[in-house]
There are 2 protein chains.
Amino acid sequence: MDTLETRELRYFVAVAEEQHFGRAAERLGMAQPPLSRAIQQLERRLGVCLLQRNRRGVRLTGAGEVLLHEGRAALDAAAAAARRTRRAGGADSPGGPRGRLVLAVKAAASHELLRKLLDAYAAEPGSAEIEVLLCGVGEQEELLRDGRADVALMHTPWNSLAGFDSEALATEGQVAVLPAGHPLAARETLSLADVRDVPDLPLARWPTHGTYAPGPGPEIHNQTQLAQLIALGRTVAVVPDSARSWLWAEHTAVPLTDAPPVVTHIAWPAHSRSLALAGLVRAAARL
Amino acid sequence: MDTLETRELRYFVAVAEEQHFGRAAERLGMAQPPLSRAIQQLERRLGVCLLQRNRRGVRLTGAGEVLLHEGRAALDAAAAAARRTRRAGGADSPGGPRGRLVLAVKAAASHELLRKLLDAYAAEPGSAEIEVLLCGVGEQEELLRDGRADVALMHTPWNSLAGFDSEALATEGQVAVLPAGHPLAARETLSLADVRDVPDLPLARWPTHGTYAPGPGPEIHNQTQLAQLIALGRTVAVVPDSARSWLWAEHTAVPLTDAPPVVTHIAWPAHSRSLALAGLVRAAARL
DNA sequence: GCCCTGTGATACCTGCCGGGTATCACCGCG
DNA sequence: CGCGGTGATACCCGGCAGGTATCACAGGGC
């Protein structure tokens, strides 16, 4: 039973994502006919119909959906193998110079915790160099999977820990951030229902995987935008306690009674075997 | 940044495992020179030295160790993609005919639980066909990773749940299985220390990944052997409560007070999105 | 009805590279 | 000092990945 080449997976994923041979070929930097042929060969070798060719583009079959998911995972794994091997390059003597670690953190989250973690780890004897990779919301999982990062700080319930090993580091509640002058800002506590149904303050919407869910609130993509919009009295946000550190004078934070608690985890690929990583996790567990 | 082809990974893993170009080439069904060249190209492309060539075979460098691990994972992912896609082949209409599920179970473990699970799931409306794949101890993880199975029953602490999603189904204690006539068989309970240090009954040794750890006990590879050796008064075994179902008249089971509890989990690849799998997990959770 | 546009499929050619055979360079060993 | 066994090198060849040109077909204007 012959095994799939990553080239074939790359091609298929491109076609499946673009839903269009021509655009996929362009993205891959090649002509369309060889792409067509490669996909046909792939279908023949798998003995499965992956795409439904219509006039006007293509659509995935059930098997195609499966291969899209599994193929992405396999491509990530191959990319991770290359990246991690390259980074391990210098350290030839086994057990000798421990490599650097790349730690993925959502930008502007967990200041405090991150600082404590880095300090605690740096104090350990023989600790490796830690490179902090700041990323967007939810990007940590992809970074870990494709090897751009070795370890990440993740925040449930926003991040999914599926497929990773992890250790919980801290739990915090959530607060509603309101314009200082707003009537609700005077309250001692609020419920989620309170902030969800304020007609003059629709909840801001973050992009998930590059697209925005439909809704009335403004579309934002960074914390500065959010802060400004709140200060202008245009929106309200629900954020973890620790976000209080970046609030403005024009903001008021009110604790939410029924918001799910936010748990910060340190997470890493389940099969990881790095000494440096083990040390970092140990340091984290002692916090 | 060019991506590794699975062909290259296959070659490297073979060489790394055999620690010998000639044998690796034979295993791959090719001649040695192209293999040599392929590995050199790989090293050049990664900019990393993977192998230390000695007279008398080769040894892995640190980077080579990394690539061996990561490469195996990537190869498993690619194999899984192919297998799962092939199996999804018939079901073309999305959401339509749900595919079969392959459930990996350690042979002869969890009779009772397995029976209940299969019955409960079969009673669900629209349940898929379940193929039970009996495997050796610890083999479930590999089967899930490379796509030969979709879901497995695993038993901690023997199986590692790292990298999988799982749900605990049942917990049980462990018992020592002794020859019926043995002095210890008269005891009400035993401790691990009791059975570990019986000079005339050395603990039997199971192979892990095909090799046996050194020790005084007999080397066994299936339960029948074990049962026979215990009946002959040559060894003692520590097994979960539920294993009592296959004991012989010549055996006596004595509860262990300090053995770690055995938890049976249902586990599946973290990124899985199959409807049928979701149904099975739901049925399992209701047990 | 017509052609025009844009889709994926086909035909055919070419150059590269993966793989084979023969051989070399090295080294430990009897 | 040959001999066996290691991986590396030299060289050749065939297949296949990729390119160009073109086709078949379906809509959509006019």
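All values below were derived from every heavy atom in this structure, side-chain atoms included, with hydrogens, water molecules and symmetry-related copies excluded. Per chain, numbering begins at 1; letters A, B, ... match sequence-line order. Quick caveat: nothing in here was measured; it's all calculated off a predicted structure.
When the C1' atom of D:dG18 is taken as reference, atom CG of A:Leu35 falls 11 Å away, rounded to whole Å. Taking atom CZ of B:Arg7 as the reference point, atom C1' of C:dG18 lies 6 Å away to the nearest angstrom. Spacing between atom CD of A:Glu8 and atom C1' of D:dG18 amounts to 15 Å, rounded to whole angstrom units. Taking atom OH of residue A:Tyr11 and atom C1' of nucleotide C:dG8, one finds them 17 Å apart after rounding to whole Å. To the nearest angstrom, P of D:dG18 lies 17 Å from CD of A:Glu26. If you measure from atom CG of B:Leu28 to atom C1' of C:dG18, you get 13 Å, rounded to the nearest angstrom. Straight-line distance from the CE atom of B:Met30 to the P atom of C:dC17: 16 Å, rounded to whole Å. For the pair A:Leu51 CG and C:dG8 P, the interatomic distance rounds to 10 Å; values are reported in whole Å.
At a threshold of 4.5 Å between non-hydrogen side-chain atoms, the residues B:Leu60 and B:Leu67 do not count as touching.
Pairs of residues two or more places apart, or lying in two chains, that qualify as side chain to side chain donor-acceptor pair (under 3.5 Å) and include a residue from residues 273-283 of chain A are A:Arg273-B:His69.
Ion pairing between A:Glu43 and A:Arg53 holds under the 4.0 Å rule for side-chain N and carboxylate O.
Taking CG of A:Leu42 as the start and CZ of A:Phe12 as the end, the distance is 7.0 Å to the nearest 0.5 Å.
Between B:Ala74 and B:Leu9, the shortest heavy-atom distance links the atoms CB-CD1, 3.8 Å.
At a threshold of 4.0 angstrom between heavy atoms, the contacts of B:Gln41 are confined to the sugar-phosphate backbone, with no base atom among them.
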Please write out each protein N/O paired with an N/O of nucleotides 9-12 of chain C under 3.5 Å, distance rounded to 0.1 Å.
from	atom 1	to	atom 2	distance (Å)
C:dA9	OP1	A:Arg53	NE	2.7
C:dA9	OP1	A:Arg53	NH2	3.4
C:dA9	OP2	A:Ser36	OG	2.5
C:dA9	N7	A:Gln32	NE2	3.0
C:dA9	N6	A:Gln32	OE1	3.3
C:dT10	OP2	A:Gln40	OE1	3.1

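Applying the 6.0 Å contact sphere to CZ of A:Arg234 captures no more than 12 heavy atoms from other residues, nucleotides or ligands.
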